[in-house]
Structure formats: C-alpha cells, structure tokens
Amino acid sequence: MAFEKVKRSENYSEWYNNLVKNADLAEHSAVKGCMVIKPYGYAIWENIQRQLDRRFKETGHSNAYFPLFVPKSLFEKEEKNAEGFAKECAVVTHYRLKADPDRPGRLITDPDSKLEEELVVRPTSEAIIWNTYRNWIRSYRDLPILINQWANVVRWEMRTRLFLRTAEFLWQEGHTAHATKEEALDETRKMLDVYAQFAEEWMAVPVIRGVKTENERFAGADETFCIEGMMQDGKALQMGTSHFLGQNFAKAFDVRYQTREGGLEHVWATSWGVSTRLMGALIMAHSDDEGLVLPPKLAPIHVVIVPVYKSEEELNLIADAVLPLKKTLEAAGLSVKFDDRDTQKPGFKFAEWELKGVPVRLAIGPRDLANGTVEVARRDLKTKENLPFAGIETHIQQLLNDIQKNLYQRALDFRSAKTYTVNTWEDFVSAIDVKEGFAVAHWDGSGETEEKIKELTKATIRCIPLDQHEENGTCILSGKPSKGRVVFARAY
RNA sequence: CGGGGAGUAGCGCAGCCCGGUAGCGCAUCUGCUUUGGGAGCAGAGGGCCGCAGGUUCGAAUCCUGUCUCCCCGACCA
C-alpha cells in the first residue's frame, strides 16, 4: 500500500492521477485512452446512477436501450451533429478476422469481410434514436416520449485522463420528443435542475446553471444548458448538459406527428446527459493530500469500524460490542464495514480507509471496552474524539449529515473566494492566470471576441448564468457594450 | 498531430554512457515477536529486461526498425 505522496499544491494533475489509482477507483487499461473502473470506483458510480435513475423516473422517464452501432448513413443525417462529432468517431469497417497466412498464430482483418455500409460506434445516440422515434410517432397522442438510456459511448479523444476524458465512457443520455416547443424547453430546464440538484445535494458540489454560447453549444442543438463546477485548482468542470434540440433531429429524420387539429408538424426534442466524468468532479472537488473525501450520500461505505486488539479473545469481545451497532446502523440504511482483517495493523487500516474516503471511522480497543467509549474520526476535517459508546448511532447519523453539509459549504466558500468580478482586462487576466479562478465579466456577445479571449488566456466562457442580472457594461476585451456578465474560466 | 518522458519481478525504480548473463524498495510466502496512526527480525519465492531484426565469442546495455503507455499542447463531456 505504500505509494508516492504528491500534494495537491505541488502538482495537481499528478495528485489526481495518483489518487484515482491509489484509492482503487480506476486504472489505465491495455487499450489506449480507455480505463478499467475498479470495484470501489464502480460502487461510487453505481450510487450516482441509482440516485439519478430514481430522479429520472420520478420525473416521468423510462429506461430503454439502443444499439452501440450507427450506420453511417443515419449518422450523417443531422448535418451539424455529424460534423461536430465526425473527427472523433471510431468506425467499424469489417466484421471478420482470419488467420494470417504469413505469421502463424496471428490474425488479420479478412479483406473479404468489408461491410457494405460502415458502422459508427456511437459518440452519442441522437441519430439512431431519432431514426427509431420516426416509427414510434404518428399522432400527438404518442407524445411526449420520455426515454433515458444508460450506456457507453466512444469519442476518440487525442488526450485522455482517467474519468475526466476517456475514449470510452459511461453515461446516461435522455432523449425526449414533444409536441410543442414550450414543452421541450420546459423539459430541458427541468432536467438541468435535476442535475443541479443532484450535484449540490448529493455530490456536495455547488454548480452554476447557465447557457452555453454558440461556440460551446452541442452539435445539433439550438440551445445547450449546463452546470459548471469549480475544482480545487480553480478550473471549471462541465458536469452535465441539457440540450434543447429544437426540430433539428425531427427534420433530419422526418419525424412528424398529426396535431389535434389535423395538421402535420415536426416534433420538438431534448437530450441531456451526465457521464463518469462526475467521478472526476467528485474526486477533485473534495479530496485532500490524504486521499479521497467522499460525501456521505454517495460513499459506498459510510462507517468503518477498526478494532484494536492483541488477542483473539479481545477481538471477540470487540466484535460482540460492535456487531449490534453495525446492525443498528445498517437498519438505518447505512453501509458499515467492520474491518477485522487480522493481516493488517490498525495504523495501516486508518491510512487505507482515509485514502478511500470513508466519511466516518470508529476505532475501538480494550481501553474503550473498559471505559465504555469509542474513538470517532471524521474524514473531512480529520478530527477525532472519544465518545461514549452507548447511543453512538445517533451521533454517527448526525455526523454524516454534518459532513455532507460541511463538504458542500467548504466547496461553496472555496468557489466564492475564487470567483472574481472583474471590469478591466488586466484584472481579468489576473483572475484567470494568477489567482486561477472564475472571472465574471462583461462580454460583447460575439464569437470572435470569445475566440480571441481563449487564444490569449485559455479561458472560455463556461456559461451565461441563468441568474444573470441585467447590467450595462463594456466588454472586457473589445470595450463594446454588454448587457450582463458571463462566467469565464479555464476548463477541463 | 506537435513537444517531452517511459517500457527491466505484482507495483515503484536502479543498472544502459564505459557489453561479461540482473539488482533495490514495497508487495507476496514461512517463522517468531508485534497490534491505539502505514510494525520488527530472520529466511524464501518470483524476471523470454515491450517486440522484431542486426553487430559481437557474448546484448537489458551498442545499432536499426517497430509497438505501446504516460505527461504537456491543439480538440473535446
């Protein structure tokens, strides 16, 4: 378990990579750009999935599954979408291998198995889904269609980072069809709120809700809404997007419905998604030099109990005292690990569970048994106290709530401290480059200026915040008039 | 695709410049002592030195080719 400790402050990206590996979340695979998500990391993802899935269903959606492959002719139908994703698509061209006549034991692609039509490995599923929806939609009675899919997608990225950007990643993508524009817009906003609420209440990561500029918009969307979080290095991470697709896909795939009045109209669409990137957000938002720090609501293990003992009899006595507590906590819905491994010493276990981000740790030994106490340590603050064992379950419940709140508050305070409202170019550059945070500034609304700022500072417009208030000002770069401030930051 | 780094034991690395048949730490196994913050001692097992050629009596080391991974940039959820 020994590992090289790199501090956040020294090398943030190395710290991140080490943490992901050392906490047993994921590792690089034999496939370039693709990761293996290990059981502990996957358990966190499953918790994320479970909560989101519940919220999707509460808001009227059902799960379904569509194919991994998209025939090229379908993929190219919505032009902007196709163009936007074309350069990062994996393409299947053959369907068979055969023995290499020149090199025994090796295989080659059988040239005779060339596909009549190439198959695109989905980078996103609008094409295949809208081609399907055409057959499902005849009348206004068939609408709305509210479907979500949990799936993997492939985007052939040049450079990858565990969880943040991998060539293959897991996500969910909602795809809905509506009779009216208003309804589709409502849906887009509703799902953005689901994401925002999840990010803040479950992940304990405060997010800015906003609209993307045209440059940053999803290929094929009329409007892209997003939630943006701030990581501990001051960079922004797009944590989820919800797209208003207008009638673009309905037109591309000829999906029309008969209205109540007997007319024929194209349907309106939305799509929305979050990915395993959220794992990256979770890690980067809260963790410290000791390892992972997990918000209790998403932790696979809430409480770990480490016995301190010399003999088997002592261990048995501890187990007798602790197992009823474990049962009580589990009955209250908590996940409790009694770490009675005889192969590791307590100190080792302390360090290991800290590395893995378990929110609450109990240590109990002969001394505690004699005194009727237990040592309670909380991961977020790294504090510990000795408390009476009797009635400890109430304290633990409270502690978990505290930790959840504290993590959110801490992240919020951090973001507030690193968000700068700036009015001059000099202050803008300083906010991005020196103070390394978000710059809230006026912008003239042109893509050109946006591009220029990006070239000069590597900062992009993360979003036009939904709570933006009208304020007359002048663009930070061009000096042209602006009616409100937008959020700039360097981003992952 | 441009720039950098690296492929040697499960993991992290040294050895390579100056060729002589592989070593360190952690992990693993055995035994004893330990156990309230990453245990100690003694012993043991484990390697087609990324792959393919070449030079040489001899290659981890030199030469050529090739593949892969990581990091930084451009692209992007």
Side-chain angles (χ1 to χ4, degrees), chain A residues 1-5 11-14 16-18 21-22 24 27-35 84-89 103 106 123-124 152-173 195 212 215-219 224 226-229 236-243 271-281 290-291 306-312 314-315 318 340-355 361-371 373-375 377 382 384 386 454-455 458 460 490-492:
Chain A
M1 188 57 62
F3 62 92
E4 200 104 352
K5 260 197 186 176
N11 185 338
Y12 194 79
S13 96
E14 200 180 344
Y16 174 83
N17 282 332
N18 285 351
K21 279 178 226 164
N22 293 328
D24 254 343
E27 62 188 34
H28 292 287
S29 70
V31 189
K32 184 185 172 72
C34 295
M35 65 179 163
F85 284 103
K87 60 187 177 302
E88 46 191 299
C89 284
R103 297 182 303 171
R106 306 289 284 271
T124 181
N152 59 338
V153 287
V154 170
R155 297 183 187 175
W156 214 263
E157 301 287 350
M158 307 227 138
R159 219 184 118 229
T160 57
R161 297 195 65 186
L162 292 169
F163 289 120
L164 297 174
R165 184 174 303 106
T166 43
E168 178 195 17
F169 57 94
L170 305 183
W171 78 346
Q172 62 63 219
E173 45 182 330
Y195 288 156
K212 287 290 184 191
N215 282 345
E216 302 276 328
R217 198 176 284 161
F218 176 75
T224 288
C226 64
I227 54 171
E228 297 280 331
L237 182 72
Q238 179 174 305
M239 291 171 61
T241 46
S242 185
H243 314 292
S271 69
W272 27 273
V274 299
S275 71
T276 33
R277 169 177 264 198
L278 286 182
M279 295 285 296
E290 264 37 75
V306 178
V308 182
Y309 59 94
K310 287 190 167 61
S311 62
E312 209 181 317
E314 259 175 14
L315 176 60
I318 293 168
D340 61 350
R341 283 177 296 174
D342 195 39
T343 49
Q344 312 292 355
K345 292 180 49 171
F348 179 94
K349 295 176 183 175
F350 294 164
E352 180 173 307
W353 294 115
E354 262 160 28
L355 178 58
R361 182 189 74 227
L362 305 182
I364 184 161
R367 220 156 61 202
D368 293 295
L369 288 184
N371 300 337
T373 58
V374 59
E375 182 191 271
K382 283 182 282 185
K384 45 187 183 183
N386 289 293
K454 186 178 176 185
E455 271 172 43
K458 290 179 195 159
T460 51
R490 289 187 182 148
Y492 278 98

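Lettering follows sequence order; numbering is per chain, from 1. Given the structure is predicted, the values throughout are model-derived calculations rather than measurements.
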Novice: Among the nucleotides B:rG36, B:rC70, B:rC76, which one has an atom lying closest to any side-chain atom of A:Pro366?
Specialist: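 In terms of side-chain proximity for A:Pro366, the closest of B:rG36, B:rC70, B:rC76 is B:rG36.
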Novice: Rounding to the closest angstrom, what is the interatomic distance between B:rU61 and B:rC51 at atom P?
Specialist: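 Per the computed distance, 11 Å lies between those P atoms.
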Novice: Looking at B:rC71, B:rG36, B:rG38, which one has an atom nearest to any side-chain atom of A:Glu352?
Specialist: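 Minimum distance to the A:Glu352 side chain belongs to B:rG38.
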Novice: Name the pairing partner of B:rA6, where a pair is Watson-Crick or G-U wobble with both distances under 3.5 Å, or state none.
Specialist: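 Pair assignment: B:rA6 / B:rU68.
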Novice: Does A:Tyr492 have A:Arg165 sitting over its ring (NZ/CZ under 6.0 Å from centre, angle to axis within 45°)?
Specialist: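 Cation-pi check for A:Arg165 and A:Tyr492: fails.
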Novice: Looking for any heavy atom pair under 4.0 Å, which part of the strands does A:Leu237 touch: base, sugar-phosphate only, or nothing?
Specialist: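 Counting heavy atoms under 4.0 Å across all strands, no contact is made by A:Leu237.
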Novice: Identify whether the distance between the nearest side-chain nitrogen and carboxylate oxygen of A:Lys212 and A:Glu228 falls below 4.0 Å.
Specialist: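 Between A:Glu228 and A:Lys212 there is a salt bridge, with a charged N closer than 4.0 Å to a carboxylate O.
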Novice: Given B:rC71, B:rC75, B:rG37, identify the nucleotide with an atom nearest to the side chain of A:Lys87.
Specialist: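 The listed nucleotide nearest to A:Lys87's side chain is B:rC75.
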Novice: Could you work out the separation of B:rC26 and B:rG40 based on their P atoms and round it to a whole Å?
Specialist: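 About 8 Å, rounded to a whole number of Å.
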Novice: Checking all strands, does A:Thr160 fall into the base, sugar-phosphate, or nothing category for heavy-atom contacts under 4.0 angstrom?
Specialist: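 The residue A:Thr160 makes sugar-phosphate contact but no base contact.
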Novice: Side chain of A:Arg361 only, heavy atoms from C-beta on: which candidate in B:rG37, B:rC71, B:rG38 is closest?
Specialist: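 Among B:rG37, B:rC71, B:rG38, the one nearest the side chain of A:Arg361 is B:rG37.
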Novice: Looking only at atom P, what distance separates B:rA22 and B:rA9, rounded to whole Å?
Specialist: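 14 Å, rounded to whole Å.
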Novice: Taking pairing as Watson-Crick or G-U wobble with both contacts under 3.5 Å, can you name the mate of B:rC18, or confirm there isn't one?
Specialist: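 Check on B:rC18: unpaired, no WC or wobble geometry under 3.5 Å.
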Novice: With sequence neighbours excluded, what pairs up with A:Phe169 under the ring pair (Phe, Tyr, Trp, His ring centres under 6.0 Å) test?
Specialist: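 If we apply the ring pair (Phe, Tyr, Trp, His ring centres under 6.0 Å) test to A:Phe169, skipping adjacent residues, the hits are A:Trp171.
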Novice: Write down the distance separating the C1' atoms in B:rG10 and B:rU28, rounded off to the nearest Å.
Specialist: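 That atom pair is separated by 8 Å.
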Novice: Between atom NZ in A:Lys349 and atom P in B:rA39, what is the gap in whole Å?
Specialist: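 Distance, rounded to whole Å: 11 Å.
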Novice: Taking CH2 from A:Trp156 and C1' from B:rA74, how many angstroms apart are they, rounded to a whole number?
Specialist: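 From A:Trp156 CH2 to B:rA74 C1': 19 Å.
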Novice: Taking salt bridge (Lys or Arg N to Asp or Glu O under 4.0 Å) as the test, write out the residues that go with A:Glu27, two or more places apart.
Specialist: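 By the salt bridge (Lys or Arg N to Asp or Glu O under 4.0 Å) rule, A:Glu27 matches A:Lys38.
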Novice: Within this structure, what is the CG-to-C1' distance between A:Asn386 and B:rG36, rounded to whole angstrom?
Specialist: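 Spelled out: CG on A:Asn386 to C1' on B:rG36 is 10 Å.
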Novice: Using the closest heavy atom to pick a nucleotide of RNA chain B for each, name whichever of A:Leu164 or A:Cys34 lands nearer the 5' end.
Specialist: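 Result of the comparison: A:Cys34.
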Novice: Counting any heavy atom closer than 4.0 Å, what does A:Ser13 reach on the DNA or RNA strands: base, sugar-phosphate only, or nothing?
Specialist: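 It contacts sugar-phosphate atoms only.
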Novice: Which residues pass the ring pair (Phe, Tyr, Trp, His ring centres under 6.0 Å) test with A:Trp353, sequence neighbours left out?
Specialist: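 Expected list: none.
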Novice: Could you tell me which nucleotide pairs with B:rG73 by Watson-Crick or G-U wobble geometry, both distances under 3.5 Å, or answer none if nothing does?
Specialist: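 Partner of B:rG73: B:rC1.
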Novice: Given atom CZ of A:Phe350 and atom P of B:rA39, what is their separation to the nearest angstrom?
Specialist: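 To the nearest whole Å, that distance equals 11 Å.
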Novice: With a non-hydrogen cut-off below 4.0 angstrom, is A:Asn17 in contact with a base, only sugar-phosphate, or nothing?
Specialist: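 If one applies the 4.0 Å heavy-atom cut-off, A:Asn17 turns out to touch the sugar-phosphate alone, with no base involved.
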Novice: Using purine N1 to pyrimidine N3 plus N6-O4 or O6-N4 for Watson-Crick, or N1-O2 and O6-N3 for G-U wobble, both under 3.5 Å, which nucleotide pairs with B:rG25?
Specialist: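 Looking at the geometry, B:rG25 pairs with B:rC11.
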Novice: Can you tell me the pairing partner of B:rG58 across any strand shown, Watson-Crick or G-U wobble, with both distances under 3.5 angstrom?
Specialist: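 For B:rG58, the partner nucleotide comes out as none, under the 3.5 Å rule.
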Novice: In whole angstrom, give me the gap between the C1' atoms of B:rA59 and B:rG3.
Specialist: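 31 Å, rounded to whole Å.
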Novice: Run the ring pair (Phe, Tyr, Trp, His ring centres under 6.0 Å) test against A:Phe85 and tell me which residues pass, sequence neighbours left out.
Specialist: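 Applying ring pair (Phe, Tyr, Trp, His ring centres under 6.0 Å) to A:Phe85 gives A:Phe218.
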Novice: Using atom C1' of each nucleotide, how far apart are B:rG58 and B:rG2 to the nearest Å?
Specialist: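 Looking at atom C1' only, B:rG58 and B:rG2 are 41 Å apart.
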Novice: For A:Glu354 and B:rG36, what is the distance between atoms CD and P respectively, to the nearest whole Å?
Specialist: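 Checked: the CD to P distance equals 15 Å.
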Novice: Under 4.5 Å between any side-chain heavy atoms of A:Asn17 and A:Arg161, yes or no?
Specialist: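 The answer is yes; the side chains approach within 4.5 Å.
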Novice: Can you tell me how far P in B:rC24 sits from the matching atom in B:rC41, rounded to whole Å?
Specialist: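 Here B:rC24 and B:rC41 have their P atoms 16 Å from each other.
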Novice: How many whole angstroms separate atom OH of A:Tyr492 from atom P of B:rC75?
Specialist: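 Answer to the nearest Å: 17 Å.
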Novice: Return the nearest nucleotide to the side chain of A:Lys458; candidates are B:rA74, B:rG36, B:rC75.
Specialist: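 Output: B:rA74.
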Novice: Taking side-chain hydrogen bond (donor to acceptor under 3.5 Å, both in side chains) as the test, write out the residues that go with A:Thr373, two or more places apart.
Specialist: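 If we apply the side-chain hydrogen bond (donor to acceptor under 3.5 Å, both in side chains) test to A:Thr373, skipping adjacent residues, the hits are A:Asp368.
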Novice: Quickly work out the A:Lys454 NZ to B:rA74 P distance and round it to whole Å.
Specialist: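 My rounded result for the distance is 8 Å.
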Novice: In whole Å, measure the gap between the P atoms of B:rC32 and B:rU21 for me.
Specialist: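 Per the computed distance, 39 Å lies between those P atoms.
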Novice: Between atom CZ in A:Arg165 and atom P in B:rG73, what is the gap in whole Å?
Specialist: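 Between P of B:rG73 and CZ of A:Arg165: 11 Å.
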Novice: Return the CH2 to NE2 distance between A:Trp272 and A:His243, rounded to the nearest 0.5 Å.
Specialist: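 It is 11.5 Å, given to the nearest 0.5 Å.
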Novice: Using atom names, set out every protein N or O paired with an N or O of nucleotides 28-35 of chain B below 3.5 Å, distance rounded to 0.1 Å.
Specialist:
residue : atom : partner  : partner atom : Å
B:rU35  : O2'  : A:Tyr309 : O            : 3.3
B:rU35  : O4   : A:Lys310 : O            : 3.1

Novice: Using a 4.0 Å heavy-atom cut-off, does A:Lys382 contact any base of the nucleic acid, only the sugar-phosphate backbone, or nothing at all?
Specialist: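 Since no nucleic acid heavy atom lies under 4.0 Å of A:Lys382, the category is nothing.
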Novice: Tell me the partner of B:rC41, counting only Watson-Crick (N1-N3 plus N6-O4 or O6-N4) or G-U wobble (N1-O2 and O6-N3) with both under 3.5 Å; none if nothing fits.
Specialist: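 With both distances under 3.5 Å, B:rC41 matches B:rG31.
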Novice: Side-chain contact, heavy-atom cut-off 4.5 Å: A:Glu375 with A:Val308?
Specialist: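 No, their side chains stay 4.5 Å or more apart.
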